[in-house]
Amino acid sequence: MSLVQPRTLPGALELLPREQIAFQRLLDTIRATYERFGFLPVETPVMELAEVLLTKEGGETERQVYFAQSTGDREAGRAPELALRFDLTVPLARYVAQYEHQLAFPFRRYQIQRVYRGERAQRGRFREFYQCDIDIVGKDALPVRYDAELPAVIHHLFTGLGFAGFRIEINNRKLLRGFLAALGIEDGERQKLVLREVDKLDKRGADWLRETLAGQFGVDAPTVDRLLAFVGSRSESYGHAGELLDGLAAAHDHPLLQQGVAELREVLARLADFGVPDSHVRLNFAIARGLDYYTGTVYETVLTDHPEIGSVCSGGRYEDLASHYTKSRLPGVGLSIGATRLFWQLRELGLFRDSESTVQVLIALLDEAQLPEALRLATALREAGINVEAQLEPGKLKNQLKYADRAGIRFVAIPGPDELARGVVAVKDLARQSQFEVAPAELARALEVEIAQARVMPPAGGDAG
RNA sequence: GUGGAUGUAGCUCAGUGGUAGAGCACUGGAUUGUGGCUCCAGGUGUCGCGGGUUCGAUCCCCGUCUUCCACCCCA
């Protein structure tokens, strides 16, 4: 019989246990931070009815959607009526519209789940990946100040994760569109196309953008110059950002641009109030983001020590989230971390090492005779809230230590015959290469102290995240 | 979906028209109860798959699949 090669589909990320633990820690931190800021948990099904998921956002999105159907439907030749979600925002829209009368507004929800995209897998680009979304959805209206809260959450989160250098970049699509209109590029479709290219500025450079705008779009040279000067500017501080916005407002009397300027001023002011230092924030007028539903503020976050990673989380403001599902007006602002990509890329850069095991103590077993005592010890430790793995088969101590070392288990309790004869148990700390002995009755207490210390003072190196 | 590359041991890769090698990893031992270091020993391959040229192909040619990169789009 020929064997089937065991493999996953391209674009799926599977981890070994110690990597999985590290990833889980990342998700735990994200979840805890979201809850700290008052967001409520929501989960939605992986599959949605296709007609719900594919409202009519249309073309590009639909090409990336996986469809699903029952065997019966497939055999009957019917079109699939189910589809896998490709983000968490569309399901949120459906959710909010569906439960509108049972939810309190502004509705603050977080959602950490996997999404699916049928695109060609590439480095750091997955077909199945985690998104960690936070959104605030208002009823009828949602003041711009909320647009400042989401970056504040990210600032708090990334600081907590120990990412030293990161920067939240902010822009506003009203400002962008107003500016283009002021330059004479007034057609909405044309604006979209121009912004799509502008968005690539940081990746491909000013010369490339100049050529594209002049060549492909036939924009005249003076206009290209003004456009490049604008989208190329970056703020260096809150004060400098204010000056840039003042200059724009004074130079262009377009209403949409004025509105964009006003919104950005408000967002920056509130960010300062949230305690986000301006070393971690800047205006970047080249950020345009997703073409369709963003209408105002847009964000991206980059790790400044590793700009090559690109954006690790992004989002923005949408004026009418659920218009396909309800006549109610539900404006919102949201932001999403691509946790799978973030983890994968940090790991590639060596910034994430394998975590210690979730197993805190391994109880070694040298001879069959000590099995009952080993199991009694394990039970006592578990009752004290310690994660314990007991060796159920006797073996060489060397191999058991090697096993603990590889598995990332820091402490090994050794109730050997010599120790038990003297009324003690040996405890070895593999990280510190030290060893001590305690009475069996004191083992749990002693390990609690050791584990607490290990938590405060991890072995040299520690985790980046 | 479009275009360009790639494929040799578990991993990273050398190599040659006469059917293959290194490092790492792995296993055992040095050490009869103490991991990471060191030393010694050991095994591993349909050279991606199918066809063609050739006395002979892992090497040359064609096809195919895979993975990677770029585009598109995005976390």
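Every heavy atom of this structure was used, including side-chain atoms; hydrogens, water molecules and symmetry mates were not.
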Heavy-atom protein contacts under 4.0 Å, nucleotides 26-36 of chain B, coded B base, S sugar-phosphate only, - none: SS-S---BBBB

Any side chain to side chain donor-acceptor pair (under 3.5 Å) involving residues 389-398 of chain A? Give me the pairs, sequence neighbours left out, ordered by first then second residue. A:Glu389-A:Tyr403

Could you tell me how far B:rU12 sits from B:rG7 if I compare only their P atoms? Round to whole Å. 12 Å

When you measure from the side-chain N and O atoms of A:Arg196 to the phosphate of B:rC73, is any distance below 4.0 Å, counting only OP1 and OP2? yes

Within a reach of under 6.0 Å around CD of A:Gln435, are more than 12 heavy atoms found that belong to other residues, nucleotides or ligands? yes

How long is the line joining CG of A:Leu9 and P of B:rC65, in whole Å? 18 Å

Any donor-acceptor pair under 3.5 Å joining the side chain of A:Arg117 to the base of B:rA75? yes

Tell me which nucleotide among B:rC74, B:rC73, B:rC71 gets nearest to the side chain of A:Arg204. B:rC71

Identify whether a stacking contact exists between A:Phe129 and B:rA75, where the ring centres must be under 5.5 Å apart and the planes under 30° apart. yes

Nucleotides 37-40 of chain B: which of its N/O atoms have a protein N/O under 3.5 Å away?
none

Expressed in angstrom and rounded to an integer, what is the separation of A:Ile287 atom CD1 from B:rC74 atom P? 14 Å

Cation over ring, A:Arg108 on A:Phe39, under 6.0 Å and within 45°? yes

In whole Å, I'd like the distance from the CD1 atom of A:Ile30 to the C1' atom of B:rA75. 11 Å

For nucleotides B:rG52 and B:rA57, find the distance between their P atoms and express it as a whole number of Å. 11 Å

What is the distance, to the nearest angstrom, from the CG atom on A:Leu193 to the P atom on B:rC72? 12 Å

For A:Val312, report the nucleic acid contact type (base, sugar-phosphate, nothing); a contact means any heavy atom under 4.0 Å. sugar-phosphate

Stems where RNA chain B pairs, listed by first number, each of three or more Watson-Crick or G-U pairs under 3.5 Å: B:1-5 with B:67-71, B:10-13 with B:21-24, B:26-30 with B:38-42, B:48-52 with B:60-64

What's the gap between B:rG3 and B:rU54 when it is taken at their P atoms, as a whole Å value? 33 Å

Does a sphere of radius 6.0 Å around CZ in A:Arg190 hold more than 12 heavy atoms from other residues, nucleotides or ligands, not counting ones at 6.0 Å or beyond? yes

Rounded C1' spacing from B:rC39 to B:rU31 in Å: 12 Å

Does the gap between the ring centers of A:Phe23 and A:Tyr130 come in under 6.0 Å? yes

With sequence neighbours excluded, residues passing side-chain contact (heavy atoms from CB on, under 4.5 Å) with A:Gln113: A:Glu43, A:Thr44, A:Arg85, A:Leu88, A:Gln111

Kindly check if the number of other-residue, nucleotide or ligand heavy atoms within 6.0 Å of CZ (A:Arg382) is above 12? yes

For the aromatic rings, using the six-membered ring if either is Trp, is the centroid distance between A:Phe230 and A:Phe179 under 6.0 Å? yes

A:Asp87: side-chain contact (heavy atoms from CB on, under 4.5 Å) partners, not counting sequence neighbours: A:Thr89, A:Val90, A:Pro91, A:Arg117, A:Gln131, A:Tyr293

Rounded distance in Å - CG (A:Leu16) to C1' (B:rC11): 13 Å

Measure the distance from CZ on A:Phe158 to P on B:rA75 and round it to the nearest whole Å. 14 Å

Integer-rounded Å distance: B:rA70 P and A:Trp208 CH2: 15 Å

A:Arg204, CZ: over 12 other non-hydrogen atoms inside 6.0 angstrom: yes

